[in-house]
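Not measured: the values here are computed from a predicted model.
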Amino acid sequence: MGNKNKLEDPEKKSVSSPWSRPTPLQQRSTTFPGHRSTPLWIFLFVFILYLLYSANILVLERHEECPTAVDSSTEEHIRMLTNISSTNNINDNDNDDNDNDDDDDDKFFPFDEEDEEQMKIEPLLPLKSQRYDTELKHIVFGIAGSSNLWSKRKEYIKLWWRPKETRGAVWLDKKVYVKRNEGLPPIRISGDTSKFKYHNRQGQRSALRISRVVSETLRLGMKDVRWLVMGDDDTVFMVENVVRVLSKYDHRQFYYIGSSSESHVQNIYFSYAMAYGGGGFAISYPLAQELEKMQDRCIQRYPGLYGSDDRIQACMAELGVPLTREPGFHQYDVYGDLLGLLGAHPVTPLLSLHHLDVVEPIFPRMTRVKALQRLFQAVRLDSSSIMQQSICYDKKRYWSISVSWGYVVQILRGVLSPRELEMPTRTFLNWYRRADYTAYAFNTRPVTKHPCQKPFVFYMGNTRYDRGKKKTISTYFRDKSRHPYCRWKMSSPDKIESIIVLKKIDPHRWQRSPRRDCCRVLPSHKPSTLYISVGSCRGAEIGDLDQ
């Protein structure tokens, strides 16, 4: 059987093998195969050539049409740019006419024309399109206070509260004496929290009361509310900047907006994901509604937490809403002098200041309230630019100059890079009163010990708006602190007694991409006075001595 199979298999394979001999029928079907199929191949070849030829004509026709379309759009774009340019020229001519009326002022500021030329910005950056029409009337402030400190802390609230404009309430633990027409928010008494558990031995039960300020403010039932902003009675808000920042966000969504502490240790102990309540934080109205529904149950689950803001964050975690960071909210968990921090403020709107009873007055030799009143002179003129840093250099005298508008100007001998100047100097101690540079949540630089590199500090004395020049004119006076003897053979800033800073108001600066301002040293007709122009940088302008 096996041999039979072996004999049959080759025969079967031989039929299909290309090497086997074909049968007569196969011979008739396969003899001269190309003879009959040649016309078919010729037809296919001609047809393919025709298709290729037709496609090429279509491509050429489209290439001929494209330049016409591009030319028309280009002409439209050029026409649009021409119209914009002509409009700018008309505006410049109008400004020139106005400037002719100010010849008397030009005698006092002979450098004004040069300043105008330097301040031209080409092209202007486009404004961000996605913004919401949030106004101050859409924001409600909930302020947590203490009856024991009310007589002192209310002076801070008077600085920023605007009667008949701002809305909200101060929440106290018990009633206090209130004068009529004192320019303060309505006072409310917080609800009883005795039913809530509190097990933290280092904290105080008042944290429970303060954590419920959000919900209690919501229950006031105010209409047309988009945002609830929380803060302490020693928190000072820049309300116009708060409006600017919140306008970036969709108030119909869930937002929990704030900032961390300046203390790295505090953030580790509590949470980097927490908005610190003293610096202030904002909650969108829909999120506040959801928080109000569950907050009492939520805080019962966290009796071991220390404060009010970590309880808020715990409830936010349960709702699944993360912290949206806005570094302009300042907790200021530091001691000492804020010169290093405020003199190099980050490129972001200043939203709040906190712990004003702990730090030194921001202007020396003044009370804390008087110092803040002086600061608010500049805030009322140009709140969007308050504390914004600009850097420039005096090329002739080799000075480095840092301007924190509305607050301070610092002059240093020699050339320090912008990278160094925008880094805060450690004029302060951390929350545990230690001079430890690793204790901060941001980069700092030490206070120099070299006698020739100690900065000359000029604090703002007054500021006003010049309608003729359409600029703010601020005067900064040198601090009378004694400077050590310097052996460097170079010009000393100790001959400068005052600095005059000119700046155009720019309310839309935060609708463009963030960028530090630029400053320019201007010619001076007084050896004891330095003139500086501050404004938006133009193009690729940088602050260095090679310009």
Side-chain angles (χ1 to χ4, degrees), residues 141-146 149 153 156-157 160 171 200 202-204 206-214 217 227-238 241-242 245-246 255-284 287-288 291 295 298-299 302 304-317 319 321-336 338 341-342 345-346 348-359 387 424 428-433 439-442 444:
F141 291 89
I143 305 166
S146 168
L149 299 172
R153 297 280 180 85
Y156 295 134
I157 300 175
W160 63 270
W171 295 90
N200 193 295
Q202 296 178 329
Q204 298 178 353
S206 61
L208 294 168
R209 176 182 70 84
I210 296 173
S211 67
R212 300 176 75 244
V213 166
V214 179
T217 302
W227 296 92
L228 276 72
V229 176
M230 304 296 116
D232 288 351
D233 50 4
D234 63 339
T235 305
V236 170
F237 288 103
M238 316 297 160
N241 285 341
V242 172
V245 167
L246 295 183
Y255 276 109
Y256 168 51
I257 302 173
S259 185
S260 302
S261 171
E262 291 75 17
S263 169
H264 178 55
V265 178
Q266 290 282 90
N267 291 327
I268 291 177
Y269 184 78
F270 294 103
S271 176
Y272 265 102
M274 180 183 85
Y276 278 69
F281 60 89
I283 297 178
S284 59
L287 178 58
L291 177 65
Q295 187 177 22
C298 173
I299 60 179
Y302 301 96
L305 294 181
Y306 175 86
S308 59
D309 34 19
D310 48 357
R311 283 175 165 79
I312 292 289
Q313 192 273 326
C315 298
M316 291 297 169
L319 291 170
V321 181
L323 174 64
T324 299
R325 299 184 183 277
E326 281 292 344
F329 289 107
H330 292 299
Q331 174 75 7
Y332 283 147
D333 283 338
V334 295
Y335 287 92
L338 291 180
L341 287 170
L342 297 180
H345 191 271
T348 190
L350 175 67
L351 301 176
S352 67
L353 300 171
H354 182 233
H355 278 149
L356 298 171
D357 285 341
V358 174
V359 297
M387 299 288 183
F428 46 88
L429 300 175
N430 65 31
W431 195 238
Y432 300 94
R433 297 182 184 271
Y440 305 108
F442 50 91
T444 60

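- Nearest heavy-atom pair across Ile299 and Ser211 is CG2-OG, 4.3 Å.
- In this structure, the side chain of Arg209 engages the main chain of Trp171 through a donor-acceptor pair within 3.5 Å.
- The side-chain heavy atoms of Leu338 and Phe428, taken from C-beta on, include no pair separated by under 4.5 Å.
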Given Phe270 and Asp309, is the side chain to side chain contact (heavy atoms under 4.5 Å, CB included) satisfied, shown in steps? CA-CA 9 Å; Phe270 294 103; Asp309 34 19; 5.9 Å; no

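- Note: Phe237 and Phe141 have tilted aromatic rings, judged against thresholds of 30 and 60 degrees for the angle between ring planes.
- The backbone N or O of Val334 lies less than 3.5 Å from no partner atom in the side chain of Asn430, so there is not a single donor-acceptor pair.
- Considering only heavy atoms from C-beta on, His354 comes within 4.5 Å of Asp232 through its side chain.
- Closest of all the heavy-atom pairs between Val213 and Ala144 is CG2-CB, 4.2 Å.
- A donor and an acceptor atom, one from each side chain of Asp234 and His355, are nowhere located under 3.5 Å apart.
- Side-chain contact between Leu342 and Leu353: present, with at least one pair of heavy atoms (C-beta onward) separated by less than 4.5 Å.
- Nearest heavy-atom pair, Gly142 versus Thr217, reported as atom, atom and distance to 0.1 Å: CA-OG1, 3.9 Å.
- When only modelled atom types and interatomic distance are considered, Asp310 and Tyr302 share no side-chain donor-acceptor pair under 3.5 Å.
- Between Ile312 and Met230 there is no side-chain heavy-atom pair separated by less than 4.5 Å.
- Contact record, Tyr272 with His264: OH-ND1, 2.5 Å, taken as the closest heavy-atom pair.
- The CE atom of Met274 lies 11.5 Å from the CZ atom of Arg311; values are rounded to the nearest 0.5 Å.
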Report the C-alpha separation of Tyr276 and His330 in whole Å, then their side-chain angles, then the decisive distance to 0.1 Å, and conclude whether the side chain to side chain donor-acceptor pair (under 3.5 Å) test is met. CA-CA 9 Å; Tyr276 278 69; His330 292 299; over 6 Å; no

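- Using a distance-only test at 3.5 Å, with no hydrogens or angles considered, no donor-acceptor pair links the side chain of Ser352 to the main chain of Phe329.
- Glu326 places no side-chain N or O within 3.5 Å of a backbone atom of Leu246 that could act as its donor or acceptor partner.
- Here the side chain of Asp233 pairs no donor or acceptor atom with the backbone of Gly145 at under 3.5 angstrom.
- A donor-acceptor pair under 3.5 Å links the side-chain atoms of Asn241 to the main chain of Leu350, judged by distance alone.
- Side-chain atoms of Arg153 do not come within 3.5 Å of backbone N or O of Ser146 as any donor-acceptor pair.
- Atom OH of Tyr306 is surrounded by 12 or fewer heavy atoms from other residues, nucleotides or ligands within 6.0 Å.
- Ile143 contributes atom CD1, which lies 14.5 Å from atom OH of Tyr156 (distance to the nearest 0.5 angstrom).
- Counting all heavy atoms, side chain and backbone alike, Asn200 lies closest to Gly304 at ND2-O, 3.0 Å.
- Here the side chains of Ser259 and Gln331 are not in contact, with every heavy-atom distance at 4.5 Å or above.
- Defined by atom type and a distance below 3.5 Å, a donor-acceptor pair is missing between the side-chain atoms of Thr235 and Trp160.
- Under the 4.5 Å side-chain criterion, counting only non-hydrogen atoms from C-beta, Tyr256 is in contact with Leu287.
- Between the side chain of Ser284 and the backbone N or O of Tyr255, at least one donor-acceptor pair lies under 3.5 Å.
- Contact check for Phe281 versus Leu323: no side-chain heavy atoms found under the 4.5 Å cut-off.
- Pairing each heavy atom of Ser308 with each of Ala207, the nearest pair is CB-O, 3.3 Å.
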